[in-house]
Number of protein chains: 2
Amino acid sequence: MSRPAAKGRAAAEAEVTRVSDATLCGFIGYHMKRAFNVVQADLNQTLKPLDLRMVTYSALVLIVDNPGLRQSQLAEALDVERANLVVIIDELEGRDLITRDRVPTDRRAYALNPTLAGRRLYDRALEAVRGHERRILNGMDEEAKQAVIRAMSVIRRGSEGG
Amino acid sequence: MSRPAAKGRAAAEAEVTRVSDATLCGFIGYHMKRAFNVVQADLNQTLKPLDLRMVTYSALVLIVDNPGLRQSQLAEALDVERANLVVIIDELEGRDLITRDRVPTDRRAYALNPTLAGRRLYDRALEAVRGHERRILNGMDEEAKQAVIRAMSVIRRGSEGG
DNA sequence: AATAATTGTTGTGATGAATAACTAAATTTT
DNA sequence: AAAATTTAGTTATTCATCACAACAATTATT
């Protein structure tokens, strides 16, 4: 329809010197993926000295901010399967960053609570991640940041209310 | 430092009714991840009827837009390992969407070219993905879109020039 | 000619996410 | 109260993805 067919045919014979991603650049999702790859890579490097990954970091933050929450609540908040959360919690508990406390009123459930070491690591991790964001956003002004947050929220909302 | 310790201790005893992700919401990366998850899920659903995944779709687009490019060029453009690109190309070739043509001037290399079926699927996929973006962006104005693209570019650039 | 580098390929191991099946405990139904 | 259903956490399995090493064929370098 809109694609100039002649160009494609002609170019097929010649050498491709510079690969054009112009079509993909027309999509927001493409830009998001490329940018997020960068963010993820840098964040994981940032967290490596603290022996944390993205998920363990997020889990720790949510546990410190919401002490006493259940594993199922955390799983839902993190958007991971309950089953897959187990190993994450195992890791944090094994490092004495959190405790699994039985809930007297519901003996099926565990209440997750941070230890002192967990809170200390939380503080260190938060500082590190703030630095990471300063680095990757590289002087982006506040207005631009807010615009991104608004846009991301629009995308997230859209998936809820079908 | 800035965290009100008393709140954490007190709340540890009570039930957690609503899980707060306020701390994580302070980070752009968190919003990006959550939003990108939505995008990825919807995009994969969108491409499923065409038997395409994100990577095979991107690969097809780049091959149609850059006919004759080498596998190594495509691998670099897609940011995947040459080794891992092989199976992707195998799939597209197996479905007769592209051809691997030996390059006379360099008999190590293959030139990737779309078939007619490949170009047809390209057109259909592009239309589908445009619909997908319209859906997830849900009436976001052009200015906001451009702001996102600019911001994502800032993040991407930052990772190149160290 | 000898050596090094490049292109595509194969295989493997680590990782992550999705699923089913299970135990224990709570809740609902009968 | 007994039975059935649901829920919380766990285990194991499968599957896809990805990084890495090693390799053959070809080209480039010295």
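Throughout, a chain's letter reflects where its sequence line sits, starting with A, and its residues are numbered from 1. Just the heavy atoms: all of them, side chains too, but no hydrogens, waters or symmetry mates, feed the values below.
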**Q** Please report the shortest heavy-atom distance between A111(B) and G68(B), naming the atom on each side.
**A**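 So the minimum-distance heavy-atom pair works out to CB-O, 3.6 Å.
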
**Q** Does the pair E127(A)/R130(A) count as a salt bridge with the N-to-O cut at 4.0 Å?
**A**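 Looking at R130(A) together with E127(A), the answer is yes, because their closest N to O distance falls below 4.0 Å.
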
**Q** So, D96(A) and T115(A): side-chain donor and acceptor under 3.5 Å apart, yes or no?
**A**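 No, because no side-chain N or O of D96(A) sits under 3.5 Å from a partner of the opposite role on T115(A).
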
**Q** From CG of N84(A) over to P of dG9(D), roughly how many Å is that when rounded to an integer?
**A**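 Interatomic distance, CG of N84(A) to P of dG9(D): 15 Å.
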
**Q** Would you say N84(A) and I88(A) make side-chain contact, with heavy atoms under 4.5 Å?
**A**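 Of all side-chain heavy-atom pairs linking I88(A) with N84(A), none is under 4.5 Å.
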
**Q** Check the distance between dC18(D)'s P and R53(A)'s CZ and give it to me in whole angstrom.
**A**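 Nearest whole value for this atom pair: 17 Å.
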
**Q** Is A83(B) touching bases, backbone alone, or none of the nucleic acid, heavy atoms closer than 4.0 Å?
**A**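 Touches a base.
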
**Q** Give the rounded distance in Å between these two atoms: CG of D79(B) and C1' of dC18(D).
**A**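 Those two atoms, CG and C1', are 12 Å apart.
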
**Q** Report the distance from atom CZ of R82(A) to atom C1' of dT7(D), rounded to the nearest whole Å.
**A** 7 Å

**Q** Do other residues, nucleotides or ligands put more than 12 heavy atoms under 6.0 Å from R102(B) CZ?
**A** yes

**Q** Is E91(B) paired with R53(B) through a side-chain N to carboxylate O contact shorter than 4.0 Å?
**A** yes

**Q** Taking 5' to 3' order, which nucleotide of DNA chain C is first and which is last to have an atom within less than 4.0 Å of a heavy atom in chain B?
**A** dT6(C) to dT10(C)

**Q** Nearest-Å distance, CG (N44(B)) to P (dC15(D))?
**A**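 Nearest whole value for this atom pair: 19 Å.
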
**Q** One thing to verify: whether K145(B) and E142(B) come together as a salt bridge, which I'm taking to mean a side-chain N less than 4.0 angstrom from a carboxylate O.
**A**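 So E142(B) pairs with K145(B) through a salt bridge.
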
**Q** Taking for each residue the nucleotide of DNA chain C with the nearest heavy atom, is it I89(B) or P104(A) whose nucleotide lies nearer the 5' end?
**A** I89(B)

**Q** For the pair made of CG in L74(A) and P in dA8(D), what is the distance, rounded to whole Å?
**A** 13 Å

**Q** May I have the distance from R102(A) (atom CZ) to dG9(D) (atom P), rounded to whole angstrom?
**A** 9 Å

**Q** Take atom CD of Q73(A) and atom C1' of dT7(D), then tell me their distance rounded to the nearest Å.
**A**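 In whole Å, dT7(D) C1' and Q73(A) CD are 13 Å from each other.
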
**Q** So, under a plain 3.5 Å distance rule, would you say the side chain of R108(A) forms a donor-acceptor pair with the base of dT7(D)?
**A**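 In this structure, the two groups form a donor-acceptor pair.
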
**Q** Quick one: label E81(A) by what it contacts on the DNA or RNA (base, sugar-phosphate, nothing), any heavy atom closer than 4.0 Å.
**A** base

**Q** DNA chain D: D90(A) or D106(A), which has the more 5' nearest nucleotide?
**A**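 Nearer the 5' end of the strand: D106(A).
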
